[in-house]
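Only one structure is covered here, and it is reproduced in the block below.
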Amino acid sequence: MLSKRFLIFIICIILSTTIVLAQEYRLEISTIPEDKIFEPGKNIQIKIILRDSNNNLIDDEVSVIFEDTQETIIKEVTIQSNKNFEEINLDKALIAGEGKIRVKYKDSEIIEKFFIGEKEAIDIYIEEEKLIIKNIGNTIYNEKIYITIGDTTGTKSLNLNIGESISYRLI
């Protein structure tokens, strides 16, 4: 008698474990703008829809990871599923190009691509007797600049990588 109860108990455990392991979740990513093309320096608005295998909404926390073109993690946040759009500030300088949004919930994961537009920007300042030009944008700065001192104007062709700077001695 004891062995039958024990056997039934073991079978119940095995069946319940199988049911738990078979649980699948469906994740959906919505963004504003919908085309997932973001301007550098702007906040990203995102909403995650989470459903179980019976298509019922599940309100729970999900992990959202943003990766750049080189698959470097830009930002990782936890947000509530099925709520209003959340604004996320990607405060790190983003490299122009295609990145990934990776959303994880338990053993389920979804990956969608997004695109960061180009922003050419330089910072120009004088320090002692040097003119310093630094690329503060998110793409290579490959432009010609004009430098005027008194009545003389000169040109310099720049080719600065992201974060790179160059200096010229002023005479």
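Side chains are part of it too, since the values below use all heavy atoms of this structure and drop only hydrogens, waters and symmetry mates. Note that the coordinates shown come from a computational prediction; the quantities given were computed from them, not determined experimentally.
Transitive grouping of hydrophobic side chains (ILVMFWY, heavy atoms separated by less than 4.5 Å) keeps L170 and Y125 in distinct clusters.
More than 12 heavy atoms of other shown residues, nucleotides or ligands fall within 6.0 angstrom of atom NZ in K47. Heavy-atom contacts from other residues, nucleotides or ligands closer than 6.0 Å to CD of E118 number 12 or fewer. Atom CG of N56 sits in a crowded spot, with more than 12 heavy atoms from other residues, nucleotides or ligands closer than 6.0 Å.
Considering only heavy atoms from C-beta on, N161 stays 4.5 Å or farther from N135 through its side chain. Put simply, the side chain of I29 reaches to within 4.5 Å of the side chain of I48, judged on heavy atoms. Two residues are said to be in side-chain contact when any heavy atoms from C-beta on lie closer than 4.5 Å; F66 and I46 meet this criterion. You'll find the side chain of I95 stays beyond 4.5 Å of the side chain of N138, heavy atoms only.
In this pair, F38 and F114 present their aromatic rings tilted. The plane angle is within the 30 to 60° band.
Interatomic distance, OH of Y146 versus OG1 of T153, reported as 10.0 Å (0.5 Å rounding). Distance check: I166 CD1 to L131 CG gives 10.0 Å after rounding to the nearest 0.5 Å. I58 contributes atom CD1, which lies 12.0 Å from atom CD1 of I49 (distance to the nearest 0.5 angstrom). The CD1 atom of I65 lies 7.5 Å from the CD atom of E109; values are rounded to the nearest 0.5 Å.
Identified under the salt bridge (Lys or Arg N to Asp or Glu O under 4.0 Å) test for residues 30-45, with sequence neighbours left out: K36-E112.
The shortest heavy-atom contact between A96 and T139 is CB-CB, 4.4 Å.
R26 and E28 are joined by a salt bridge, as a carboxylate oxygen and a charged side-chain nitrogen come within less than 4.0 angstrom of each other.
By the side-chain hydrogen bond (donor to acceptor under 3.5 Å, both in side chains) test, E76 is found to be paired with no residue, residues two or more places apart in sequence or in another chain being considered.
Although no hydrogens or angles enter the test, the distance criterion places no donor-acceptor pair under 3.5 Å between the side chain of D60 and the main chain of S81.
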